[in-house]
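Just so you know, ligand 1 is whichever comes first in the structure, and atom 1 is the first atom listed for that ligand.
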Amino acid sequence: MTTDKLIWPARLHHIHLTSGNVPDMVKWYQDSMGLTAEELGNGATWMSGKDRNLLIGPGPKSGLKFSAFAVENRDHLTRLRARAEETGTPVETSPTPLFGDGAFAVRDPDGNCITLGIPDRQSSRGNGPAGMLSGRLQHVVVASTDAPRMIAFYSDILGFRKSDLVREEKSGEITACFMRCDPEHHAIAVFRAAENRLDHHCYETTSWNDIRDWGDHFSERRDTVVWGAGRHGAGHNLFIFVRDPDGNNVELSAEIDDVPYEQAPGTWRHEERTLNLWGSAWLRS
Ligand SMILES: [Fe+2]
């Protein structure tokens, strides 16, 4: 079996964050991100709203318990599972209550859990003023001490397509890779860093005006925009970043590139401009 169109098309459906302070996190995602909370009875709170879902449960602060990708249908799941088995990748029971039968999970080389499945619950309509704002959960980024190994897992085992690579100019060492599982430039990315951790997750809006509206909303809430407004080089999306009560970076984005399946990966220099064409950037390493 090849990786040809293996995970394609899929999309990030939800992530599960862990926290030592679940009530504050739930409140922030309700009020600042416009999500409605529902206790699921297994320790997790399901936060859902306009095209965005996440789970929050007790555990280490800023932990990423899993990332959940929705695939096309049962045949798609069967192909992905066969690929995992063919490559000797251990298959685990899906940990998410939001996917139906046939879902399963694998772990990347850093131990991050990726679950693949088909959603079987209807999201709520959102909460409060922010519940009206557009923002579809779109990508998750993890930091890693061994980015090349991580990138190989996502591309060679699951079939993600590399959209853009960021490299050190002199050594050529990879410092970041943005990978897609449908035409959107990235649904997951890996950044080289001194530790393995969640870097951020992102909600894609429909336009620059939505970024304005989110900015005004965050201002009313006294949530500080900690980075941006700016435009990423890789992916060319407009962005702002805020932080939840645990300090997790949360991105609002617009205009992310569409990249055809066949397009070869681009290369960017490891410099601030690659992460922000308009100004300063956080270089994770
Ligand atoms: Fe991002």
Side-chain angles (χ1 to χ4, degrees), residues 10-17 29 32-33 51-54 62 64 67-69 108 110 112 114 133-144 147 150-151 154 160-166 174-193 196-208 210-211 214-215 218 223-244 246-259 265-266 268 270-285:
R11 63 191 170 85
L12 180 64
H13 182 264
H14 61 281
I15 61 173
H16 183 129
L17 298 173
Y29 280 93
S32 291
M33 296 305 298
D51 299 323
R52 43 190 185 268
N53 290 276
L54 79 157
S62 300
L64 178 63
S67 301
F69 287 84
D108 71 22
D110 286 353
N112 297 304
I114 302 292
L133 297 177
S134 81
R136 168 176 48 88
L137 180 66
Q138 196 272 329
H139 70 253
V140 62
V141 176
V142 292
S144 175
M150 289 279 281
I151 296 159
Y154 285 101
F160 279 82
R161 302 287 290 174
K162 297 174 202 163
S163 296
D164 276 311
L165 290 158
V166 184
I174 294 170
T175 62
C177 182
F178 299 85
M179 291 171 279
R180 67 189 183 282
C181 51
D182 73 2
E184 288 187 326
H185 182 268
H186 58 284
I188 196 161
V190 177
F191 289 174
R192 182 186 71 177
N196 300 335
R197 56 173 168 75
L198 170 66
D199 188 276
H200 69 270
H201 71 283
C202 178
Y203 302 87
E204 182 72 10
T205 67
T206 59
S207 72
W208 172 245
D210 290 339
I211 302 278
W214 277 105
F218 290 135
D223 289 318
T224 304
V225 172
V226 295
W227 185 28
R231 186 187 285 281
H232 294 309
H236 296 107
N237 40 334
L238 301 157
F239 67 89
I240 55 173
F241 277 71
V242 291
R243 289 200 174 119
D244 70 21
D246 277 2
N248 299 310
N249 295 310
V250 177
E251 178 179 21
L252 282 302
S253 159
E255 299 186 2
I256 194 167
D257 283 346
D258 270 358
V259 183
W268 295 75
H270 183 68
E271 59 178 355
E272 289 191 51
R273 185 176 163 75
T274 294
L275 291 183
N276 187 4
L277 294 170
W278 292 357
S280 60
W282 304 332
L283 293 175
R284 277 70 164 187
S285 64

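Under the 6.0 Å cut-off for aromatic ring centres, Phe191 and Phe178 qualify, their centroids lying closer than that.
A salt bridge between Asp199 and Arg197 is present, with a side-chain N of the basic residue lying under 4.0 Å from a carboxylate O of the acidic one. For the pair Glu184 and Arg136, the salt-bridge criterion is met [side-chain N within less than 4.0 Å of a carboxylate O].
At a threshold of 2.8 Å, the Fe ion (ligand 1) has no backbone or side-chain N, O or S atom of His186 nearer than that distance. Residue side and main chain included, His201 places no N/O/S atom under 2.8 Å of the Fe ion (ligand 1).
Within Glu251, the N/O/S atom positioned nearest the Fe ion (ligand 1) carries the name OE1.
Summarising the geometry of His270 relative to Val166, their closest heavy-atom pair is CA-CG1, 3.6 Å, with the distance given to 0.1 Å.
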